[in-house]
Every structure is written in C-alpha cells, then in structure tokens.
There are 2 protein chains.
Amino acid sequence: MQKKSSYKPTQSDVAALAGVSQTTVSLVLNDEDIASIPPETRKKVLDAIETLGYVPNSAARILRTNRTFALACIIPDITNPFYPTFVNGIQDEAEQNGYEVIIYNTHGLAEKEAKVLKTIQEGRVDGMIGVFFHAKAQDFLPLLTRQIPVVRLEVRQHQSGSWPLDSIFIDNVKAAHAATSYLISEGHKQIALITGWDGPARARREGYLQALESATEPYTPWIQDISIFNEEGGYAGMQAILKEGQVPSAVFAGNDLLAIGAMQAIKAAGLRIPQDVAVVGFDDIQVARLISPSLTTIRQAQDEIGKRAAALMIERLQREDHFDGRVIEMPFELIIRESA
Amino acid sequence: MQKKSSYKPTQSDVAALAGVSQTTVSLVLNDEDIASIPPETRKKVLDAIETLGYVPNSAARILRTNRTFALACIIPDITNPFYPTFVNGIQDEAEQNGYEVIIYNTHGLAEKEAKVLKTIQEGRVDGMIGVFFHAKAQDFLPLLTRQIPVVRLEVRQHQSGSWPLDSIFIDNVKAAHAATSYLISEGHKQIALITGWDGPARARREGYLQALESATEPYTPWIQDISIFNEEGGYAGMQAILKEGQVPSAVFAGNDLLAIGAMQAIKAAGLRIPQDVAVVGFDDIQVARLISPSLTTIRQAQDEIGKRAAALMIERLQREDHFDGRVIEMPFELIIRESA
DNA sequence: CTGAAAGCGCTTACAG
DNA sequence: CTGAAAGCGCTTACAG
C-alpha cells in the first residue's frame, strides 16, 4: 500500500496541514455547539480540507456513531413501473431529511428476501421500508431488536404491535371487489381473473371471489393462474383462457402489466376491447392511460404511498421516545377508461 | 445505551459464549487457509453464532478491509423503464459475483450528480457504474485517485486513458441517423424532432441533422425543444408542433417515452398513426411493442449493456494489476413496427 | 492450532 | 478554546 499524501486524505492529514489536532478537525466538521471554534482556526481547517480534497470516511463514521443516514428500500421488481414510482416518493422524502436510499430488488423471491434481511442486520441502514411477498412478521424480529425500524407496505390491514414496525396498506380485497363489482354492474356474465399467488395476488383473488359471491346472479369463478407478473405472463394467461374455446366477456388482471399482456393476446386473437372482451387492471401505472384502448384500473397513489412510508420512518428515527407501531390505510380509486 | 447480551452481539460476545478468543471467531468467519481451525472449535463457534444470532458489522469490516463489496449504480431517472432494465442487468451480474448494488437516482440534475460523486468518495462502494448527463471527465478524478473504478455509459465514443475508467457506449449519432434515414427512405418530407439538450438528446439531435443533410433532397430541420423527457414532455411537444398549423408527416422522438406522449397528442388531434403522422422512438422499452400502434424505435439491449458494464467493473476489481481504460461499443438496431 | 495486539478513521467525553 | 485518549467492531500479521 502506497502512502502518497494525495491518496485518500484523513482528518490527520488535514490536521497536519492546518497545524491543529485531529480532534479540532473533527470538531470543525461537525460544528455542533460542543465547542466554539474561533473563525481563524475554522478557516485554517477548511482551507486544508479544500486543498487536500478531504472527504470523511463513511465506514469510520458509521462505526463510531452507529448512524448511517441511509434507508433501505426493498421492492420485488424494479422493472414493474409501480415500484420505481413508489421508490421515487421515498427518495424525495428521504433526501429532504438527509437520508439516502439504498434499493434492493428481491425479484419477489423468498431467498432474496431472506438475504436482504440478513444484509440489513449488518448495520448498513438506519431503517427499512419494504414490500415483502414472503417474509413473515417474525422474520423482521432480528431487525427490530437491533432497533432498526421497519415500515412495511401491505395489501390488507394487519394488527399493530409494540415493535417499531409501522405498516401502510391499501385494502386490496376491497379494491379487487370494487373492480369486479364494476364489471358485474356493466352486465358481464363471465368474468375471468388472471393472477398468481404471490404478494398482493392472494388478496386480489379474494376480492374477486367475494364480489362474485355477493352478486345477485350466480357467477362461476374463472381463474387463470400465472407465475410471471408482467406482460409476458398476462399474454400467456390470456392465451390459455382463449384456448379453452369459450371467451369470457371480461378479464380482471392481477396488475396492469398482466392486463397489458392480456390485451395483446386478445387483439392477437382478433377480438376487440372492450366490445368482445373488457379488461380491468390494477395499479394505474403511467402507461395505463397511454395504451389503446386506455386501461380501466385501480389507482393506488404510489408516489404518495412512498412519501408517506418514508415520513413514518423518518419520524421514528428522529423521535427519541419509543412508541407503538402504526397502521395507515391509503385509499384506492377505480379509474374507468376505455378498456372496460 | 443498554447492554443486553441479546442486543447486537459482537464477535466478543460469540467468543465468550464459545469459550474461545475473539480472534478465533473472526478466523472461523473468514475461513481462509490463514488458519486451520479444527472441526470441534469451528462447531463451538458456529453454535454460538447461531444462538446469539450474530451478524458481522459491515462498517467495522469495511473500515478494516477497505472493501465494501458494493457497487454504486447512478441513473438519471428510475421511472424511465430504460433504466430499471439496465439496473437489472447490473444487479444480475453483480450479485453472481458477491457484490450488492446501490442505486442512486439523479433526476438528471447537475447538482445531484455532484452530490452523488461526493457521497461515493466517502468510501461507500468499491466501484461506480453510471449514466451522467452533466459530470465531466475531471469530476471523476477524485474517485479515480482513490482507486474507485468507474464504468460510464456514454452516447458516443470517447477516448480511453490510463485511469481505471471504462466506458461502454452506443453510437447515438449513428442510431439517430439511421432512424431519420429510415423515415426519409419511407418518403417523408417533413420530419420533426422532439427532444431536449440533456444527456443523449444532443447526440440524437446531431444524428437527425446529419441525416437530413445527407439526404438527396433538401430538408428543413424542424426541432421542437422540450425539457421533460417523459410522456408528458412528448405530449406537450407534439401539441406545440400541431399548433403551428402545419402537420409534419413524421416525428422522431428523443426517446420512447416522448414518442408515446407524442402519439397521444396526435390521436387527441384526430390524426392517424402512421397514415397522417408516423412516429419513431428511441430505446425500445418494454411497452414499445405493446402500445397501439406498436412503436418503431431504436433498440438498445439495456439488460445486456448493464451486464456488460458490471462485468467490466468486476473484472477490474478482481484483477490485481492496473490496466488502461477500455472503450466498448454496443450495437443498436432499428426495430420497425406499426407506427412508422 | 490459538490468542494478544495493533490499527482502520472517526466522535466524543474529559482535562486543561 | 484545544488536544490526548478511549473505543466503535472488525481483520490480520505476529508469537507462541
């Protein structure tokens, strides 16, 4: 290892150049009222910092203070536009408060979720905001006992507890119920659902089933399972449905990406949307209103949810006292466009 | 600060429980052939780790080893689908090699780019892969002198040097030239360009202008400047063009998001695509082939680019010797669909 | 095979 | 107002 003076200067290097002690350099850097540094001393130090291009070493600072000023943001799929918007909201709020955001992409996989949880125990962040498809409440315990607060985005109401674990949710059962009921009210008789079992899929499935059950006329559930939650999955799912010979008059897709894929399959089969098959999605991602026909869907305010989640986290990190977990419900809205 | 034994156990806690020294715990954890720990000792230690739920402290490890096993990934806009796909490629390659990826979102702003560059000097990562709209070569020097390698995604060929700075580029001038030439070859007489000045916009603008100049017939450039590089910007840009009274026979948009916005504006004006106005985009994001009409565009293999960028970085981090910067060109492809 | 010790670069009581 | 010193939790020569 070479020891050029220009290479990664430390506070000691700055101190030597400024002719003060390393302690003084640190004091200037953290200019709290712990000490009152006279302007001349301060200037000497600042000049030396400038000359050497000194930048504090984050590992040393974190080790010493036990504060990272970083937040982890865990999402299942960065290529699903829903999440980048959510992340954006988190980042906006976090940055305004001096926190940086570290994004982890789990691909919705149980093993990756577990790995991320482990990594975070290593003390890389002060708190974690996340969407988990598999992790259970107890999987968060190691973080919580380490005083790393968690804000979780959920798909239905869960009980709060005394841990520093807040949750923010949209009632996906109710939302899926609303979407399905809308199709029923529009006179559709065969309403298919394209979805899987991971993450929000289960709650949306429930909502769909409940809506069919509570209809005045009898409905037969028609569910097409898929395993990839994007356009590709939607396309394949819709193809499978059409292969059965019968054509449903409406399709409710587990998310907008699935809906977009399903629409492609419908068009490819020479059918019209919504005349032959109506389509409803879930999420209201950016492109939902831009495709043709524009997509009827459930809007969740991703950006707002992200902001709110970050605000919950930051409040917890800034307050001294401990307080019970909070549960916040966010609204959804059925956006009716051309596809249904 | 409390001192419960269950709270954030350290190697010393593990050592005490296992009845060995803290050094031995560390040795077991890093099981290199530095030392040969007999199975019984190893087991005692591993059991203690299990019992206490010990996880190493990353700050301490980083401070000591000067290795973070993290890569920074800097992108201008996480909500532009181009980038998540790029990030995905980076993450895949990085994770396979034991690196985690920290994503920074600059919003294409000069100040945020500068801030990120500063943050990275703090030693949070071993290397940086990024897309910068404003930062100049010299802005990377502080990283390079600190031995933090950089891989930069660029829009045209730049010279390599002796710094640990690799670049990977797609010739955006040539690509824009190809897109514009295609429109010319299709017989379009008035070809408008919707774009701005940041990032890749400048190179694409050049390609457009060069193509018009090299055409056999004379063409008048028709450029609509916008400042937001998404659907909204494209919509506004197209509206501005249509307000001029004349309707161009084709529009080349600076990226797919702009193209999608422009298509909406064209439809809103009651015009048909491509009969009245043809549209070409740039990037080939996921939805390009899913919208109606599907979008003719320039494909860049985002995923592949990300993988390649990460591979360049990792090779540099793993090799002992220093070697000159490399410049890699990646191909583009004109994808002809329905919109033009 | 195992442990004592130095030291990574900081912050923060504590003296003076 | 300023500095010497302890210590955050690790890794890694070095002894034995």
Side-chain angles (χ1 to χ4, degrees), chain A residues 1-3 5 7-45 48-49 52-69 121-124 126 146-147, chain B residues 1-3 5 7-45 48-49 52-69 121-124 126 146-147:
Chain A
M1 187 93 115
Q2 302 183 37
K3 260 238 157 187
S5 68
Y7 175 67
K8 245 194 194 173
T10 68
Q11 287 185 1
S12 297
D13 298 324
V14 174
L17 182 60
V20 298
S21 74
Q22 179 258 317
T23 301
T24 299
V25 175
S26 176
L27 255 18
V28 168
L29 248 21
N30 297 290
D31 66 356
E32 315 292 345
D33 21 42
I34 292 173
S36 33
I37 312 280
E40 315 88 64
T41 309
R42 177 181 302 277
K43 186 174 182 330
K44 277 193 298 187
V45 172
I49 286 173
L52 296 177
Y54 168 79
V55 166
N57 177 300
S58 77
R61 205 210 291 261
I62 291 169
L63 178 60
R64 187 55 234 255
T65 62
N66 209 16
R67 300 273 276 142
T68 63
F69 286 99
Q121 287 179 50
E122 295 179 0
R124 291 162 183 270
D126 294 338
R146 278 177 170 79
Q147 314 279 48
Chain B
M1 187 92 114
Q2 302 182 39
K3 261 238 158 188
S5 68
Y7 173 67
K8 245 194 196 173
T10 67
Q11 287 186 1
S12 297
D13 298 323
V14 174
L17 181 61
V20 299
S21 75
Q22 179 258 316
T23 301
T24 300
V25 175
S26 177
L27 256 16
V28 169
L29 247 22
N30 297 288
D31 65 355
E32 315 291 346
D33 22 41
I34 292 173
S36 34
I37 312 279
E40 315 87 65
T41 309
R42 177 181 303 276
K43 185 172 182 333
K44 277 194 297 187
V45 172
I49 286 174
L52 296 177
Y54 167 80
V55 166
N57 177 300
S58 76
R61 205 212 290 262
I62 291 169
L63 178 60
R64 188 54 235 256
T65 62
N66 209 18
R67 300 272 276 142
T68 63
F69 285 99
Q121 286 179 50
E122 295 179 0
R124 291 163 182 270
D126 293 339
R146 277 177 171 79
Q147 314 278 49

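In what follows, chains carry the letters A, B, and so on, assigned in the order in which the sequence lines appear, proteins first and then strands, with residues in each chain numbered from 1.
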Atom-to-atom span, CD1 of B:I49 to C1' of D:dC10 - whole angstrom: 13 Å
Rounded to whole Å, how long is the line connecting atom CZ of B:R146 with atom C1' of C:dG9? 13 Å
Walking DNA chain D from its 5' end, the first of A:G19 and B:N57 to be reached, judged by nearest nucleotide, is A:G19
Watson-Crick or G-U wobble mate for C:dA4, both contacts under 3.5 Å: none
For B:Q22 and D:dG9, give me the distance from atom CD to atom P, rounded to whole Å. 11 Å
Distance, rounded to the nearest Å, where A:Q11 contributes CD and D:dT2 contributes P: 16 Å
To the nearest Å, how far apart are B:L29 CG and D:dT12 C1'? 14 Å
Over how many whole Å does the gap from B:E122 atom CD to C:dC10 atom P extend? 10 Å
Closest to the A:S26 side chain: C:dT12, D:dC1, D:dA4? C:dT12
Which nucleotide sits closest to the side chain of A:L63: C:dT2, D:dG9, C:dC10? D:dG9
Can you confirm whether B:L63 sits close enough to A:N57 that some side-chain heavy atom of one is under 4.5 Å from a side-chain heavy atom of the other? yes
Looking only at heavy atoms, the pair that brings B:L17 and B:L52 closest together is CD2-CG, 3.9 Å
Taking all atoms of both residues into account, what is the closest heavy-atom pair of B:N66 and A:K8, and its distance? OD1-NZ, 2.8 Å
Side-chain contact test, heavy atoms from C-beta onward, threshold under 4.5 Å: evaluate it for B:R124 versus B:T68 and give yes or no. no
Tell me the interatomic distance from B:N30, atom CG, to C:dC1, atom P, rounded to whole angstroms. 18 Å
Starting at the 5' end of DNA chain C and moving along, which residue's nearest nucleotide shows up first, B:T41 or A:A60? B:T41
With respect to the phosphate group of D:dG3, does any side-chain polar atom (N or O) of A:T23 fall under 4.0 Å of OP1 or OP2? no
Residue whose closest nucleotide on DNA chain C lies nearer the 5' end, A:T10 versus B:S21: B:S21
Over how many whole Å does the gap from A:I62 atom CD1 to C:dC8 atom P extend? 19 Å
What are the two closest non-hydrogen atoms of B:L29 and B:Y54, and how far apart are they? CD2-CE2, 3.5 Å
